[in-house]
Amino acid sequence: MSAEPGKAAHEHAVLLNAIADGANEYPKPEHVNYTYGTAGFRTLATKLPSVLFRVALLAVLRSKRLEGATIGVMVTASHNPEPDNGVKLVDPSGEMLDPNWENHATALANCPTTESLISTFTTLVTHLRVDLHQPASIVYARDTRPSGPDLIQALEAGFKAFGASVKIVDVGVTTTPILHYVVKATNDKSGSYGKPTVEGYMEKTATAFKTLIGSKGPLAPLYVDCANGVGANALTEITKHIGDIIPIHPINTATTTPGALNSQCGADFVKTKQALPPSVQSAGYLSKPGTRGCSYDGDADRIVYYYLHETKGTFRLLDGDKIAVMVAMFFGDLVAKAKLEGDNKLKVGVVQTAYANGSSTKYLTSRNIPVTCVSTGVKHLHHAAQRYDIGVYFEANGHGTVLFSPQALQTLRDAQPTSPDSANAIKHLLAFSDLINQAVGDAVSDMLLVEAVLAHKGWRASDWDAGYEDLPNRLVKVEVPDRSIFVATDAERKLVHPVGLQAEIDKAMAKVEMGRSFVRPSGTEDCVRVYAEANSQVEAETLAKTVVDLVEQSSQMS
Ligand SMILES: CC(=O)N[C@H]1[C@@H](OP(=O)(O)O)O[C@H](CO)[C@@H](O)[C@@H]1O
Ligand SMILES: [Mg+2]
């Protein structure tokens with residue numbers, strides 16, 4: 001309690017008045033219900049100003065609750081169409097917002113009036129035991145969407161209500177993973193993670209990449225589809241540092257052309273359509289055998305690679321599963337070369353979701369690389385990966401990274417190499433830990449990770465691809481009246497509701513060679529997703545169709 005209760009009460013009243021004034025400028029639209037989901041809030045940008053104002057309030061509360069630790073706010077809608085936008089909070093470690101706070105975000109966003117907002121805010125302050133006298137610190141950024149500047153204004157209005165007790169830093173237009181990096185670096189008081197700026201990120205990433213490539217450069221040219229999004233800016237910056245060792249050709253960099261963002265390009269387009277973006281196809285960028293390309297998504301936290309088959313000319317996708325497998329095998333070898341013995345031995349493991357192609361899981365487990373399967377959503381993968389010394393996690397769609405545990409880093413720093421080979425392996429492991437974004441999946445850093453691994457192995461894309469052949473598969477969206485009746489368990493691989501449906505799916509799977517199928521409600525869209533894979537494309541399609549029919553029937557009966 002303040003020594004001067006009268007003064008404290010006055011300050012509190014001033015704050016609530018300021019919040020009320022701000023809130024009146026950004027009223028909540030009627031008949032809209034917001035949910036802070038896997039990707040934060042995400043919807044049509046026109047529906048978001050009130051949400052941004054309120055997210056600012058929550059970011060400040062979280063920072064004050066954590067005694068002034070810096071919280072991040074990212075304004076983006078990733079691979080969604082341009083008229084959409086979104087916002088998510090970043091915790092001090094650079095990870096996604098603590099799931100316990102997601103409900104508080106939802107509660108604030110849905111208050112219908114200024115009065116109810118003030119009342120919910122006050123309740124949260126008490127319930128979460130926030131000392132409003134604590135300082136707060138926030139860093140924020142946005143992607144290239146045209147709706148970004150207005151939404152940032154609404155966010156800043158929320159910060160302003162708190163006056164000078166909130167320190168804010170506008171990182172500007174940048175990628176989601178760079179913002180996560182800045183948050184993590186700002187909170188790392190030892191300064192060892194890197195400088196908390198975009199330039200600090202570029203320097204750290206480029207230095208590590210140069211160490212890893214050494215005399216192996218210059219590498220073969222790489223074509224990078226930036227989805228006409230903010231990844232184009234980051235790519236331009238990093239190219240200034242490393243362009244002499246890897247000739248980078250940016251494609252789809254029209255960040256200011258209306259409607260271009262994520263349209264007919266980007267990682268989501270490529271993964272969903274299993275085809276090249278038309279712009280890459282028609283320009284013939286990949287026609288020279290051995291040429292590889294990659295696509296970022298709209299906020300550059302996802303990446304997929306591809307190339308054209310060297311004799312057939314057909315499209316070959318190297319998705320998140322392919323990246324995870326190559327990287328995990330590579331780190332397994334590097335750890336063996338480091339010759340760390342006894343308690344210092346480092347364990348490499350992989351975390352996947354049920355959407356990982358069955359062939360990738362089989363490939364890893366048959367080579368004694370442990371694989372954990374978790375529910376969809378980066379937060380689940382990230383936490384599971386933290387349980388390994390070196391935890392590789394990727395969603396099939398290309399979102400992922402490699403985490404080095406603090407103990408693993410300490411072991412590597414303290415290691416006494418027994419030979420020049422082991423010294424080199426240790427040096428490289430440490431350089432990889434600097435290259436790879438330790439907070440979140442990052443298209444730019446993952447791209448350089450892939451490039452460094454290919455360079456070390458002396459591989460072309462086709463060598464990488466040769467490890468295993470994906471099982472043919474099909475992913476279908478099913479629109480149902482109420483997706484909440486579908487309840488999944490066992491890392492979302494089985495349904496417990498509607499009762500009896502799983503038994504029917506099991507029967508359908510048993511009829512198909514290598515058949516595997518599962519159903520789960522989407523966490524980001526109003527639909528149910530059906531995944532099926534089998535020994536042939538025809539059987540995968542048939543299995544998917546059967547399961548879609550089962551889902552629709554049980555939906556009608558409920
Ligand atoms: C099958 C699929 O790709 N699902 C995506 C999608 O989640 P859903 O809950 O399936 O809508 O969006 C998530 C957030 O971007 C991403 O983490 C996840 O991988
Ligand atoms: Mg994204």
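One-based numbering, in listed order, for ligands and for the atoms of each.
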Tyr355: numbered ligand 1 atoms lying under 4.0 Å from its heavy atoms: 1 (C)
Any carboxylate oxygen within less than 4.0 angstrom of a Lys/Arg side-chain nitrogen, looking at Glu492 and Arg529? no
Have a look at ligand 1 and work out which part of Thr524, if any, has a heavy atom under 4.0 Å from it: side chain, backbone, both or neither. both
Mind checking how many protein N/O/S atoms fall short of 2.8 Å from the Mg ion (ligand 2)? 4
Distance-only check: which donor-acceptor pairs under 3.5 Å involve side-chain atoms of residues 439-454, not counting sequence neighbours?
residue: Asp442; atom: OD1; partner: Tyr201; partner atom: OH; Å: 3.3
residue: Asp442; atom: OD1; partner: Val444; partner atom: N; Å: 3.0
residue: Asp442; atom: OD1; partner: Ser445; partner atom: N; Å: 3.3
residue: Asp442; atom: OD2; partner: Tyr201; partner atom: OH; Å: 2.7
residue: Asp442; atom: OD2; partner: Asn437; partner atom: ND2; Å: 3.0
residue: Ser445; atom: OG; partner: Leu435; partner atom: O; Å: 3.3
residue: Ser445; atom: OG; partner: Asn437; partner atom: N; Å: 3.2
residue: Asp446; atom: OD2; partner: Asp442; partner atom: N; Å: 3.4
residue: Glu451; atom: OE1; partner: Arg292; partner atom: NE; Å: 3.3
residue: Glu451; atom: OE1; partner: Arg292; partner atom: NH2; Å: 2.5
residue: Glu451; atom: OE2; partner: Arg292; partner atom: NE; Å: 3.2
residue: Glu451; atom: OE2; partner: Tyr305; partner atom: OH; Å: 2.7

Lys/Arg cation over aromatic Tyr468: Lys322, 6.0 Å, 45° cone: yes
Polar side-chain atom of Ser554 near backbone of Val551 as donor-acceptor pair, under 3.5 Å: yes
Tell me: protein heavy atom nearest atom 10 (O) of ligand 1, and distance? Arg529 NE, 2.6 Å
Which residue owns the protein heavy atom closest to atom 2 (C) of ligand 1, what's the atom, and how far is it? Asn397 ND2, 4.0 Å
Among all protein heavy atoms in this structure, tell me which lies nearest to atom 17 (O) of ligand 1, with the distance rounded to 0.1 Å. Glu395 OE1, 2.8 Å
Just wondering, are more than 12 heavy atoms of other shown residues or ligands nearer than 6.0 Å to CD in Glu513? no
Between Arg483 and Ser522, is there a donor-acceptor pair closer than 3.5 Å when you use the side chain of the first and the backbone of the second? yes
Any side-chain to backbone donor/acceptor pair from Lys47 onto Val51? Under 3.5 Å, distance only. no
Lys379 NZ: over 12 foreign heavy atoms closer than 6.0 Å: yes
Is the cationic atom of Lys271 (NZ for Lys, CZ for Arg) positioned less than 6.0 Å from the six-membered ring centroid of Tyr306 and within 45 degrees of its normal? no
Below the 3.5 angstrom mark, is there an N/O of Ala39, backbone or side chain, next to an N/O of ligand 1? no
Give the residue, atom name and distance (to 0.1 Å) of the protein heavy atom nearest atom 15 (O) of ligand 1. His79 CE1, 4.5 Å
Is it the case that the side chain of Asn262 and the backbone of His79 share a donor-acceptor pair, with hydrogens and angles ignored and the cut-off at 3.5 Å? yes
Any donor and acceptor pair, going by atom type alone, linking the side chain of Arg42 with main-chain N or O of Thr76 inside 3.5 Å? no
Measure Tyr531 to ligand 1 on non-hydrogen atoms and call it side chain, backbone, both or neither using the 4.0 Å cut-off. neither
Taking everything shown except Gln537 itself, do over 12 heavy atoms lie less than 6.0 Å from its CD? yes
Which ligand 1 atoms does Arg520 reach within 4.0 Å, using its non-hydrogen atoms? 8 (P), 9 (O), 10 (O)
I want to know if ligand 1 touches Thr376 in the polar sense, i.e. an N/O pair below 3.5 angstrom. no
In ligand 1, which numbered atoms sit nearer than 4.0 Å to a non-hydrogen atom of Ser522? 8 (P), 9 (O), 11 (O)
Could you see which bit of His399 sits under 4.0 Å from ligand 1, with heavy atoms only: side chain, backbone, both or neither? neither
